[in-house]
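Contents: one structure, followed by commentary.
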Number of protein chains: 2
Amino acid sequence: MTADPAAPTLPKNFLRPCLLLLLREQPAHGYELLERLRTFGFEGSDPGGLYRSLRKLEEEGLVRSAWEQSSTGPARRIYEITRVGMEELHRRAKGLAEARGTLDAFLGRYEEFVALRRAEVPAPASG
Amino acid sequence: MTADPAAPTLPKNFLRPCLLLLLREQPAHGYELLERLRTFGFEGSDPGGLYRSLRKLEEEGLVRSAWEQSSTGPARRIYEITRVGMEELHRRAKGLAEARGTLDAFLGRYEEFVALRRAEVPAPASG
DNA sequence: GCCAGCTATATGTTTTCTGCCCACAGCGGT
DNA sequence: ACCGCTGTGGGCAGAAAACATATAGCTGGC
């Protein structure tokens with residue numbers, strides 16, 4: 001609890017759109033997505049959550065999958081995005097753009113206030 | 001469920017930093033905060049959730065409160081931010097700035113890909 | 001053949017967050 | 001006295017996230 005206070009605090013349900021975007025760029029299997037997700041701030045790799053999301057996405061028809069035999073290891077389930085998935089991604093992107101706006105508003109207001117305080121209080125003790 | 005796909009999708013726990021920022025700007029009671037929160041994309045006013053957050057914040061020592069008699073209505077609990085709360089706000093702001101960065105990355109990558117596709121596929125059918 | 005370790009997928013459990021509904025109390029108007 | 005408004009608070013159900021665990025195939029060593 002409150003262990004890492006500066007954690008990114010990503011948007012709710014951010015995993016889903018990320019998966020859709022990743023899969024739109026290129027089909028992949030779960031384990032690989034786990035790696036590629038790190039780009040989007042998913043540090044602590046959570047296979048469980050990932051596969052669950054993937055399943056749900058497929059159940060909703062946003063992605064589809066097929067088994068692929070690998071010569072170097074166990075079979076993998078290759079996912080690719082569907083037309084519907086792309087549309088969903090589109091919608092989500094809009095929502096996320098809005099979210100960014102809100103975040104901008106918050107941060108702007110926060111920094112503005114910090115600046116104000118600095119102006120009021122000349123210089124506490126720092127050199 | 002998936003009712004409003006373009007919903008803002010704000011970060012998890014976004015309420016907390018918002019409250020801290022609002023209280024940093026100016027002490028207030030819950031009902032008033034409810035109004036001021038609308039600026040941050042909290043459309044559906046949810047008194048229950050608000051007060052719960054406030055309570056928790058106080059329990060953690062991030063804010064403190066005192067009853068104030070009102071001449072025009074029932075007594076109100078006035079909240080103000082504490083030193084610890086400001087530090088927490090600071091940390092959260094950093095985290096949210098990171099989140100914005102991630103969001104930027106996502107949206108940039110999304111739009112970039114959209115642009116690429118447009119270049120590949122000349123013009124579907126839209127006139 | 002058998003075990004250990006890696007890749008890869010999947011499920012179960014528990015906790016947290018969120019949204020929605022409702023209860024209660026004080027005050028003012030009629 | 002009753003109603004409606006302001007203001008605070010709790011309960012509950014469903015969604016989401018975190019954490020832990022199970023399974024299965026393949027490879028290499030012995």
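In the text below, chain A, chain B and the rest are named by the order of the sequence lines, each starting its count at 1. None of these values were measured; they are calculated from a predicted model.
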Legend entry - Rounded interatomic separation in angstrom, taking CG from A:Leu54 and P from C:dT11: 12 Å

Legend entry - Salt bridge present between A:Glu32 and A:Arg36 (N-O < 4.0 angstrom): yes

Inset, instruction - Give the rounded distance in Å between these two atoms: CG of A:Leu10 and P of C:dC17. - result: 15 Å

Legend entry - Check ion pair B:Glu88-B:Arg91 (N to O, under 4.0 angstrom): yes

Inset, instruction - Indicate whether OP1 or OP2 belonging to D:dA17 is found under 4.0 Å from a side-chain N or O atom of B:Asn13. - result: no

Legend entry - Value in whole Å for how far the P atom of C:dC6 lies from CD of A:Glu32: 20 Å

Legend entry - Reported OG-to-OH distance for the pair A:Ser70 and A:Tyr31, which is rounded to 0.5 angstrom: 12.5 Å

Legend entry - Salt bridge B:Arg64-B:Glu80, side-chain N to carboxylate O under 4.0 Å: yes

Inset, instruction - Let me know the distance between OH of A:Tyr31 and P of C:dT7, rounded to the nearest Å. - result: 4 Å

Considering only nitrogen or oxygen atoms on both sides, find all protein atoms under 3.5 Å from nucleotides 19-24 of chain C and state each distance.
{"unit_1": "C:dG19", "atom_1": "O6", "unit_2": "B:Arg52", "atom_2": "NH1", "d": "2.9"}
{"unit_1": "C:dG19", "atom_1": "O6", "unit_2": "B:Arg52", "atom_2": "NH2", "d": "3.0"}

Legend entry - From C:dA8, C:dA10, D:dG9, nucleotide with atom closest to A:His29 side chain: C:dA8

Legend entry - Side-chain N,O (A:Arg77) to OP1/OP2 (C:dA8) below 4.0 Å: no

Inset, instruction - Ignoring backbone atoms, test whether A:Lys56 places a side-chain nitrogen or oxygen under 4.0 Å from the OP1 or OP2 oxygen of D:dA15. - result: no

Legend entry - Carboxylate-amine/guanidinium proximity below 4.0 Å for B:Lys56 and B:Glu60: yes

Inset, instruction - Figure out the CZ/C1' separation between B:Arg36 and D:dG7, and round it to whole Å. - result: 16 Å

Inset, instruction - Using whole Å, report how far CD of A:Glu68 lies from C1' of C:dT9. - result: 15 Å

Legend entry - In one Ile/Leu/Val/Met/Phe/Trp/Tyr side-chain cluster, 4.5 Å: B:Leu116, B:Phe106: no

Inset, instruction - May I have the distance from A:Tyr51 (atom OH) to C:dT11 (atom C1'), rounded to whole angstrom? - result: 13 Å

Inset, instruction - For B:Trp67 and for A:Pro11, locate the closest nucleotide of DNA chain D by heavy-atom distance; then report the residue assigned to the nucleotide nearer the 5' terminus. - result: B:Trp67

Under 3.5 Å, which N/O atoms of the protein pair with N/O atoms of nucleotides 25-29 of chain D?
{"unit_1": "D:dT27", "atom_1": "OP1", "unit_2": "A:Ser71", "atom_2": "O", "d": "3.1"}

Legend entry - Whole-Å distance separating the CG atom of A:Leu50 from the P atom of D:dA18: 13 Å

Inset, instruction - Kindly assign one of parallel, tilted or perpendicular to the pair A:Phe40 and A:Phe14, based on the angle between their ring planes and the thresholds 30° and 60°. - result: perpendicular

Legend entry - Criterion side chain to side chain donor-acceptor pair (under 3.5 Å) against B:Tyr110, the qualifying member of A:Glu25, A:His90, A:Arg24: A:His90

Legend entry - Residue B:Arg76, side-chain atoms from C-beta onward, closest of D:dG7, D:dA16, C:dC17: D:dG7

Inset, instruction - Determine the sole option in A:Glu58, A:His29, A:Arg55 for which the side chain to side chain donor-acceptor pair (under 3.5 Å) test with A:Ser65 is passed. - result: A:Glu58

